S.K.: 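Have a look at the structure that comes next, please.
Remember, predicted model here, so these are calculated numbers, not experimental data. Both counts, for ligands and for their atoms, begin at 1 and track the order of listing.
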Amino acid sequence: MFANSIYVVAIWGIVLVYSSHADECSYPYRRIGKSCYLINTQKVTADTAFAICFRHGAYMANFETLEELMLMKYELKKMNTGHHFYIGGRNVNRYMSGGDWRWIKHGKMTKMAYFAFDSSEPNGSFSAPEDCLLFHGGRGYVFHNSCCDCYAAGFICEK
Ligand SMILES: *[C@@H]1O[C@H](CO)[C@@H](O)[C@H](O)[C@H]1NC(C)=O
């Protein structure tokens, strides 16, 4: 009887450890590298995508390092949807030529430390602003800037 209850506690312990791990990255989120992403093919504007990620307790995906970026590009190419996907980069100064691109996450704005835009990108301007950022499906998932509230694409949340 005594031995039996220890067994149950031990099993219960394993289940608890397992489920607390699964919670932070459970379906529909997936772990890619060290982060937890939701790759959503539903087409919405960047502003709507921001609100959807936020309501999930998440944020639009940040790729501060080239390693994170390369892993995600690899996943997106494997999925082979051809879709574009909005991510959490944003131009915070449209007066600057080329913009000032930041990764936006929980009130922080981390400067983009590398250049992964397509040729002739970013091409927004003060008179024709394109302050949001997407992975371009037709161009091997390089970055394109995009209008934040007019063009609909898939999007990637992270938590
Ligand atoms: C930027 O370039 C894309 C094509 O590469 C074009 O569709 C878009 O209209 C251009 N945007 C501006 C503001 O010129």
S.K.: Does the plane of the ring in His136 sit parallel, tilted or perpendicular to the ring in His84? Use 30° and 60° as the thresholds.
M.R.: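 Rings of His136 and His84: tilted, as their planes differ by 30° to 60°.
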
S.K.: Without hydrogens or angle criteria, can the side chains of Glu130 and Ser146 be said to hold a donor-acceptor pair below 3.5 Å?
M.R.: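 Result is no, nothing qualifies.
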
S.K.: Can a side-chain donor-acceptor contact be found between His56 and Tyr29 if the only test is distance below 3.5 angstrom?
M.R.: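 Yes, because at least one side-chain N or O of Tyr29 sits under 3.5 Å from a partner of the opposite role on His56.
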
S.K.: Under 3.5 Å, is there a donor-acceptor pair between the Asn123 and Asn145 side chains?
M.R.: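 Result is yes, a qualifying pair exists.
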
S.K.: Does a side chain donor of either Thr45 or Tyr151 reach within less than 3.5 Å of an acceptor in the other side chain?
M.R.: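 Side chains of Thr45 and Tyr151: no pair found under 3.5 Å.
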
S.K.: List, for ligand 1, each N/O atom that has a protein N/O partner under 3.5 Å away, with both atom names and the distance.
M.R.:
unit_1   : atom_1 : unit_2 : atom_2 : d
ligand 1 : 2 (O)  : Asn123 : ND2    : 2.2
ligand 1 : 11 (N) : Asn123 : ND2    : 3.2
ligand 1 : 11 (N) : Glu130 : OE2    : 2.7

S.K.: What are the two closest non-hydrogen atoms of Asn91 and Asp100, and how far apart are they?
M.R.: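 In this case the closest contact between Asn91 and Asp100 is OD1-N, 2.8 Å.
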
